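A quick note: this is a predicted structure, and the numbers were derived from the prediction, not measured. Residue numbering restarts at 1 for every chain, and letters A, B, ... go by the order of the sequence lines.
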Number of protein chains: 2
Amino acid sequence: MLILMARPTPQTHDEILAAAARRFAATGYRGTSLQDIATEVGCSKAAVLYHFANKEAILTELMAPAIEALCSLDERIAEQHGPADAQRVAAEGFVDLAVRFRNEIAFLRGEFPELLQQPVFAHIQQISERLIDAFAGHSERASARVTALVLLAGIAETCGEFADLTDQELGDALLGLLRRALEPPVH
Amino acid sequence: MLILMARPTPQTHDEILAAAARRFAATGYRGTSLQDIATEVGCSKAAVLYHFANKEAILTELMAPAIEALCSLDERIAEQHGPADAQRVAAEGFVDLAVRFRNEIAFLRGEFPELLQQPVFAHIQQISERLIDAFAGHSERASARVTALVLLAGIAETCGEFADLTDQELGDALLGLLRRALEPPVH
DNA sequence: TCAGAGGCTGACCGATCGGTCAGATCAGTG
DNA sequence: CACTGATCTGACCGATCGGTCAGCCTCTGA
């Protein structure tokens with residue numbers, strides 16, 4: 001704990017990240033202004049924009065680990081040979097991501113459609129389509145497509161709401177749900 | 001078809017409603033400005049606000065039938081005596097609503113958290129909580145709560161995306177999903 | 001001692017938002 | 001003809017947004 005306040009603080013970068021994470025989790029990305037973040041940090045809005053090129057750059061840095069993990073999952077799914085294996089890997093992998101990054105996912109709270117068109121999430125769109133396809137067991141049947149999209153969107157939309165559950169509890173519940181609900185691929 | 005253009009149009013009210021419905025469905029409530037609606041109608045923004053007190057009044061009028069049907073479903077669920085009956089009525093009733101009003105639900109595309117706090121949707125919050133409780137079979141178990149919320153949010157979030165499916169096809173797919181996924185209440 | 005770099009601020013910018021207002025236009029009525 | 005009420009417009013308002021900029025302060029090293 002430093003007593004001197006006027007000291008320049010090179011760690012402001014991380015403080016802004018932490019403050020932005022709290023505000024994004026509370027009110028979403030679009031619902032949080034740069035002024036909100038600055039107020040939470042205790043500095044000026046210009047200071048925030050001194051450490052980050054723009055608002056999107058803050059989100060990008062916060063989401064980087066989650067995006068990287070999602071890309072890695074996408075590659076693992078692509079390595080599977082049968083639709084049943086792909087479905088199983090997709091389900092287990094997605095639940096793992098949803099639990100580990102549930103705080104980050106909550107940032108986007110329903111803003112997926114708009115945010116997915118920003119350059120940061122350029123290829124996330126295609127990844128999510130392949131994820132849905134794997135969930136559906138590579139089937140074109142209406143029931144399989146509906147099931148896949150409802151479950152994927154439902155988990156993404158709600159995984160941040162279970163703050164009272166441990167990672168283990170939430171993961172078990174989600175995995176159980178997917179095992180019951182997903183239609184086994186026909187072969 | 002009237003040739004005279006300067007003729008006052010008493011049906012402007014309905015034209016605004018129709019235009020707003022198209023814009024809301026395309027870009028969401030918050031993503032649609034009053035100017036967007038006015039441009040779609042072909043009149044001034046002030047004309048839109050002459051026919052409607054404010055932006056929220058347009059949404060209120062568009063959502064009225066859906067809200068009324070949701071309240072009616074809430075009452076029907078409350079009349080059931082056992083948790084199994086309540087769960088079945090809730091599932092079938094919610095699927096029916098999601099299919100019939102999928103266009104209106106798409107207006108809110110992920111803006112549920114913010115919009116639910118507006119006066120129009122004041123008691124929708126409580127109704128949705130009772131709906132989740134009925135889905136969960138009045139259970140407090142983590143897996144039942146997670147399942148209920150994921151399915152409810154997932155259906156609400158995605159039911160507008162299946163424009164290529166008939167009401168019958170979408171309804172069957174959603175009902176099949178709920179029957180597989182919902183945990184039967186313990187007695 | 002002083003130049004310079006890093007860190008930060010307040011003032012400001014243009015765009016967009018929902019909403020207001022005075023007044024123009026026009027159909028119907030007496 | 002005069003008047004009224006409904007419909008509609010353009011101009012404007014205050015608030016908020018993301019972002020820019022000139023310059024100030026403090027610390028450091030030659």
Do A:Phe135 and A:Leu178 make a side-chain contact, defined as non-hydrogen atoms from C-beta onward lying under 4.5 Å apart? yes
Taking the side chain as C-beta and beyond, is there a heavy-atom pair between B:Thr147 and A:Arg180 under 4.5 Å?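 Of all side-chain heavy-atom pairs linking A:Arg180 with B:Thr147, at least one is under 4.5 Å.
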Going by atom types alone, do A:Ser143 and A:Glu183 pair a side-chain donor with an acceptor below 3.5 Å?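 Yes.
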Side chains of A:Gln35 and A:Thr39: do they bring a donor and an acceptor to under 3.5 Å? yes
Test for a donor-acceptor pair under 3.5 Å between the base of C:dG18 and the side chain of B:Lys45, counting only N and O atoms. yes
Other residues, nucleotides, ligands: >12 heavy atoms within 6.0 Å of B:Glu129 CD: yes
Under 4.0 Å, counting only non-hydrogen atoms across every strand here, what does B:Leu49 touch: a base, just sugar-phosphate, or nothing? base
Shortest side-chain distance from A:Leu34, nucleotide among C:dC21, D:dC8, D:dG18: D:dG18
Proximity to the side chain of A:Lys55 - top-ranked nucleotide from C:dG18, D:dC21, D:dG19: D:dG19
Gap between atoms [atom1] and [atom2], on [X] and [N] respectively (whole Å):
X: A:Arg30; N: D:dT16; atom1: CZ; atom2: P; value: 17 Å
X: B:Ile16; N: D:dT7; atom1: CD1; atom2: P; value: 11 Å
X: A:Asn54; N: C:dG14; atom1: CG; atom2: P; value: 20 Å
X: A:Phe52; N: C:dG7; atom1: CZ; atom2: C1'; value: 14 Å
X: B:Glu15; N: D:dC8; atom1: CD; atom2: C1'; value: 13 Å
X: A:Glu56; N: D:dG19; atom1: CD; atom2: C1'; value: 14 Å
X: A:Gln35; N: D:dA15; atom1: CD; atom2: P; value: 15 Å

Between B:Ser33 and A:Ala47, name the one whose nearest nucleotide on DNA chain C is closer to the 5' end. A:Ala47
Could you tell me whether the phosphate oxygens of [N], OP1 or OP2, come under 4.0 Å of any side-chain nitrogen or oxygen in [X]?
X: A:Tyr50; N: C:dC8; value: no
X: A:His51; N: C:dC8; value: yes
X: B:Thr12; N: D:dT7; value: no

